[in-house]
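Data block below; observations after.
The figures that follow rest on heavy atoms only: side chains count, while hydrogens, waters and symmetry mates do not. Throughout, a chain's letter reflects where its sequence line sits, starting with A, and its residues are numbered from 1.
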Protein chains: 2
Amino acid sequence: MAANGAPRVQLDRDRIVGAAVALADEEGTGALSMRRLAERLDAGAMSLYNHVASKDELLALMVDGVAAEIAEPPPGTPTLEAVRRIAVATREVFVAHPWAPELWLRCAPGPVRTRAMEEHLRLFAESGLAPELAHHGYHAVNNHVLGYTLQELGMSSGPEDLESKARAYLAGIEDGDFPHSAAHVRDHLEGRTSSSFELVLDLILDGLVRLDRSRAAGE
Amino acid sequence: MAANGAPRVQLDRDRIVGAAVALADEEGTGALSMRRLAERLDAGAMSLYNHVASKDELLALMVDGVAAEIAEPPPGTPTLEAVRRIAVATREVFVAHPWAPELWLRCAPGPVRTRAMEEHLRLFAESGLAPELAHHGYHAVNNHVLGYTLQELGMSSGPEDLESKARAYLAGIEDGDFPHSAAHVRDHLEGRTSSSFELVLDLILDGLVRLDRSRAAGE
DNA sequence: ACCTGAACACCGTTCAAGT
DNA sequence: ACCTGAACACCGTTCAAGT
């Protein structure tokens, strides 16, 4: 296709990471191999190693790349409200890149995530919560965002239809032996349980504030 | 080593799954290949396929195997107390098999987990919580257990020392640019934040009950 | 019925060679 | 400085052959 002498688009880290993210978005991390990625970039497989040290480094760069997409709340936002918005924004990015949460856990944080962690801890530190509760709160919110998203996406390293998966599960169950399970899945399929993510998020945030107050009053 | 004519121990599903779990416990899922597993069982690599359809099926069997290790609370236990105990017991099993949480998310549930899910949903259904809150509560607790454990274990598909990892991270950070991050990691290393798991678990469970009461009173 | 080696289509990565 | 093909040590799995 490309004319023989035509200079190829140059390879660089950003182009490689961008193509890797696109490939993962389309086909999941299971389909992301150095060879297939190089092919997509119209390059030899080994050329990639001139710009990334290893596949693991590439994966870490991808995660930090999507971390940069997480919208920051405006500077004046009250601390715990900012925490809340970041949690919601993070989930949105994870939904857009369903392969990201798993790597988020597996890869060492890059500069973007390191900065973000510092910022989140600062928000908690300045929230007025007791230091111990601020510490726990940071983890509680983090775990909720990751746990919820991972569960929601079924850790789909390939993009399969969640609804059809649920229907298949329901079909295998619905013989009366598992009434609660069948009802639960049906609740999902019929949309009777919206915004569980934000409900539990608020349960955690409100619970932290309430616990902090009762501890301060009790001592 | 084995005498030439000596009859080998027979291969069967349970022995294969057991050896796979042991291998994963010792070296992580990254080191678990059909060839290495067969070698451990003193069998040809392909012999395994007489007992499991694929590696994916084997992984699913492993997860259901560790699910069977989760201690059940005695029958009379109050519903939400039972939920609490199951959550704690599940985390204990995950700590014993650090490779399990990731597969838990990725594999379709086998018979053990299917039964357990039904049982947990029954506990929530009979807890007195409104159906919608029971539904959310089931997810909230599940997400907490998985999210917390995954984060705690750093998704370590190979057993690396968590503490040394934290120390390395701290060393890379501690130049004054990331004061909150450094303080946070130091809190961990010096054991100043115990039992975060149970604190947040109770935050969720108590929050559900409180929200249920206030909704019942408000309407 | 159960076992197995050879073979196929893949991996990530090393290395020596090109420009 | 950047690119690259051949090669190495692995994968999961198919298949045809053994017992």
Check: Taking the side chain from A:R15 and the backbone from A:Q10, do they hold a donor-acceptor pair closer than 3.5 Å?
Finding: yes
Next item on the list: Take the protein atom CD1 of A:I16 and the nucleotide atom P of D:dC2, then report the distance between them rounded to whole Å.
Entry: 11 Å
Just the table, please: protein N/O against nucleotides 16-19 of chain D N/O, every pair under 3.5 Å.
none

Next item on the list: Report the distance from atom CZ of B:R36 to atom P of D:dG12, rounded to the nearest whole Å.
Entry: 11 Å
Next item on the list: For residues A:G176 and A:P179, report the shortest heavy-atom separation together with the two atoms involved.
Entry: O-CD, 3.5 Å
Check: Nearest-Å distance, CZ (A:R35) to C1' (D:dC11)?
Finding: 12 Å
Margin query: Show the nearest heavy-atom pair for residues A:R35 and A:A45, with the distance to one decimal.
Written below: CG-CB, 4.0 Å
Item checked: Value in whole Å for how far the P atom of D:dC3 lies from CG of A:L41 -> 11 Å
Item checked: Those residues of residues 46-57 of chain A lying under 4.0 Å from DNA chain D by at least one heavy atom -> A:M46, A:S47, A:N50, A:H51
Item checked: Whole-Å distance separating the CG atom of B:D42 from the C1' atom of C:dT4 -> 13 Å
Output a table of donor-acceptor pairs, distance under 3.5 Å, between side-chain atoms of residues 55-63 of chain B and any protein atom two or more places apart or on a different chain; print 'none' if there are none.
unit_1, atom_1, unit_2, atom_2, d
B:K55, NZ, B:L32, O, 2.9
B:E57, OE2, B:R13, NH1, 3.4
B:E57, OE2, B:A53, N, 3.3

Check: Roughly how far apart are B:E39 CD and B:L41 CG, rounded to 0.5 Å?
Finding: 10.5 Å
Notebook entry, point to check: B:R85 versus B:P74: any side-chain heavy-atom pair under 4.5 Å?
Noted result: yes
Next item on the list: Begin from the C-alpha positions of B:H184 and B:H180 and carry the test ring pair (Phe, Tyr, Trp, His ring centres under 6.0 Å) through to its verdict.
Entry: CA-CA 6 Å; B:H184 183 90; B:H180 296 100; over 10 Å; no
Next item on the list: For the residue pair A:Y148 and A:F197, categorise the inter-ring angle as parallel (less than 30°), tilted (30 to 60°) or perpendicular (more than 60°).
Entry: perpendicular
Notebook entry, point to check: Nearest heavy-atom pair of B:A19 and B:R40: which atoms, and what distance?
Noted result: O-NH1, 4.3 Å
Next item on the list: With sequence neighbours left out, write down each residue that passes ring pair (Phe, Tyr, Trp, His ring centres under 6.0 Å) with B:H51, or none if nothing qualifies.
Entry: none
Next item on the list: Would you please enumerate the stems DNA chain C participates in, each stem being three or more consecutive Watson-Crick or G-U wobble pairs with both distances under 3.5 Å?
Entry: C:4-8 with D:12-16, C:12-16 with D:4-8
Margin query: Distance check needed: C:dC3 C1' versus B:D12 CG, whole Å only.
Written below: 14 Å
Next item on the list: Could you note down all residue pairs passing side chain to side chain donor-acceptor pair (under 3.5 Å) where residues 58-73 of chain A supplies at least one of them, sequence neighbours left out?
Entry: A:E69-A:H97
Note to self: Expressed as a whole number of angstroms, how long is the span from B:L32:CG to D:dG12:C1'?
What the structure shows: 12 Å
Next item on the list: Would you mind telling me which of D:dC3, D:dT4, D:dG12 lies closest to the side-chain atoms of B:M34?
Entry: D:dG12
